[in-house]
Protein chains: 2
Amino acid sequence: MKNTVRVERARENITQAGLADRIGVSRQTVNAIESGKYVPSAVLALKIAQVFGKTVNEVFELEDGD
Amino acid sequence: MKNTVRVERARENITQAGLADRIGVSRQTVNAIESGKYVPSAVLALKIAQVFGKTVNEVFELEDGD
DNA sequence: ACCAAAAGTAAAGTATGTTTTACATTTAGA
DNA sequence: TCTAAATGTAAAACATACTTTACTTTTGGT
């Protein structure tokens with residue numbers, strides 16, 4: 001599964017720590033999600049999309065391995 | 001987080017085991033997600049929504065506790 | 001009422017998400 | 001260039017998703 005979190009974050013000029021704060025997780029969690037180290041829970045995905053004013057499907061996308 | 005999986009499944013007349021098959025998880029996992037026992041991963045949420053031809057946001061919604 | 005399919009549930013085990021702490025590297029601005 | 005902020009990364013501990021097996025209960029059709 002790939003995502004555009006890093007891009008959206010750049011668009012809104014928000015920091016990893018800032019985003020982490022707003023969605024209630026650690027900075028490392030945001031970092032790991034951005035670098036594809038792991039797949040967030042649906043709750044996290046919803047929160048992240050919400051912060052960026054987008055749908056989950058706009059930010060997260062299935063890929064071949066999934 | 002609440003979801004409308006049970007409703008969508010009824011709409012499409014598909015069984016828990018059938019859905020489980022199509023998204024590559026166990027029947028119990030589908031049951032647990034429907035009864036709110038746990039929050040699926042973003043990948044699962046995407047797959048479930050895909051099966052029903054809906055967006056993740058249409059099927060899954062944040063609630064107060066989240 | 002009977003039977004089969006579907007759904008509910010539970011416990012133990014495994015996989016993976018998330019936190020915390022801590023340190024190294026990169027980037028941007030004065 | 002110097003410094004501070006931002007990012008990358010790693011390991012240990014913990015929480016939660018998910019599987020498997022197995023049994024019970026419900027539901028729908030004949």
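Residue numbering restarts at 1 for every chain, and letters A, B, ... go by the order of the sequence lines.
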**OP:** Please work out if A/Ser26 contacts a base, only the sugar-phosphate, or nothing of the nucleic acid, heavy-atom cut-off 4.0 Å.
**Re:**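 If one applies the 4.0 Å heavy-atom cut-off, A/Ser26 turns out to touch a base.
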Original post:
When all nucleic acid strands are considered with a 4.0 Å heavy-atom cut-off, which category describes A/Thr29: base, sugar-phosphate, or nothing?
Top reply: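 If one applies the 4.0 Å heavy-atom cut-off, A/Thr29 turns out to touch a base.
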Original post:
What about A/Ile14 and A/Val7, same hydrophobic cluster or not, with Ile/Leu/Val/Met/Phe/Trp/Tyr joined at side-chain heavy-atom distances under 4.5 Å?
Top reply: no
**OP:** Report whether B/Tyr38 and B/Ile23 are members of the same hydrophobic cluster (ILVMFWY, side-chain heavy atoms less than 4.5 Å apart, transitive linking).
**Re:** yes
Original post:
For DNA chain D, what residues of residues 51-66 of chain A have any heavy atom nearer than 4.0 Å?
Top reply: none
Original post:
In degrees, rounded to 10°, what is the bend between the two ends of the helix from C/dA1-D/dT30 to C/dA30-D/dT1, using five pairs at each?
Top reply: 60°
Not counting sequence neighbours, which residues clear side-chain contact (heavy atoms from CB on, under 4.5 Å) with [X]? List them please.
| X | answer |
| --- | --- |
| A/Glu34 | A/Val5, A/Arg6, A/Arg9, A/Gln16, A/Val30 |
| B/Thr55 | A/Asn57, B/Asn57, B/Glu58 |
| B/Ala42 | A/Met1, A/Val39, A/Pro40, A/Ala45 |

Subject >> Heavy-atom protein contacts under 4.0 Å, nucleotides 2-12 of chain D, coded B base, S sugar-phosphate only, - none >> reply: ----SBBBB--
Original post:
Does A/Asn3 reach the main-chain N or O of A/Ile33 with its side chain, forming a donor-acceptor pair under 3.5 Å?
Top reply: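 A pair under 3.5 Å: yes.
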**OP:** Only counting residues at least two apart or in another chain, list the ones meeting side chain to side chain donor-acceptor pair (under 3.5 Å) with A/Thr4.
**Re:**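 Partners of A/Thr4 under the side chain to side chain donor-acceptor pair (under 3.5 Å) test: none.
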**OP:** Please name all residues satisfying side chain to side chain donor-acceptor pair (under 3.5 Å) with A/Ser26, sequence neighbours left out, ordered by chain then number.
**Re:** A/Thr29
**OP:** Residues of residues 42-49 of chain A with any non-hydrogen atom less than 4.0 angstrom from an atom of DNA chain C: list those, numerically ordered, please.
**Re:** A/Leu44
Original post:
Quick one: does A/Phe60's side chain get under 4.5 Å of B/Val43's, heavy atoms only?
Top reply: no
Subject >> Sub-4.5 Å side-chain heavy-atom contact between A/Phe52 and A/Leu19 >> reply: yes
**OP:** Could I get the full list of salt bridge (Lys or Arg N to Asp or Glu O under 4.0 Å) partners for A/Lys54, not counting sequence neighbours?
**Re:**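 Salt bridge (Lys or Arg N to Asp or Glu O under 4.0 Å) check on A/Lys54 returns A/Glu8.
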Original post:
CG/B/Leu46 to CD/A/Glu63 distance, rounded to the nearest 0.5 angstrom?
Top reply: 11.0 Å
**OP:** Mind checking the CG-OG spacing from B/Leu44 to A/Ser41? Nearest 0.5 Å is all I need.
**Re:** 11.5 Å
**OP:** Please list all pairs passing the salt bridge (Lys or Arg N to Asp or Glu O under 4.0 Å) test where one or both residues lie in residues 14-25 of chain A, with sequence neighbours left out.
**Re:**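 Salt bridge (Lys or Arg N to Asp or Glu O under 4.0 Å) check on residues 14-25 of chain A returns no pairs.
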Subject >> Nucleotide interval of DNA chain C bounded by contacts with chain A (heavy-atom cut-off, under 4.0 Å) >> reply: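 Boundary nucleotides touching chain A, in 5' to 3' order, are C/dG17 to C/dA22.
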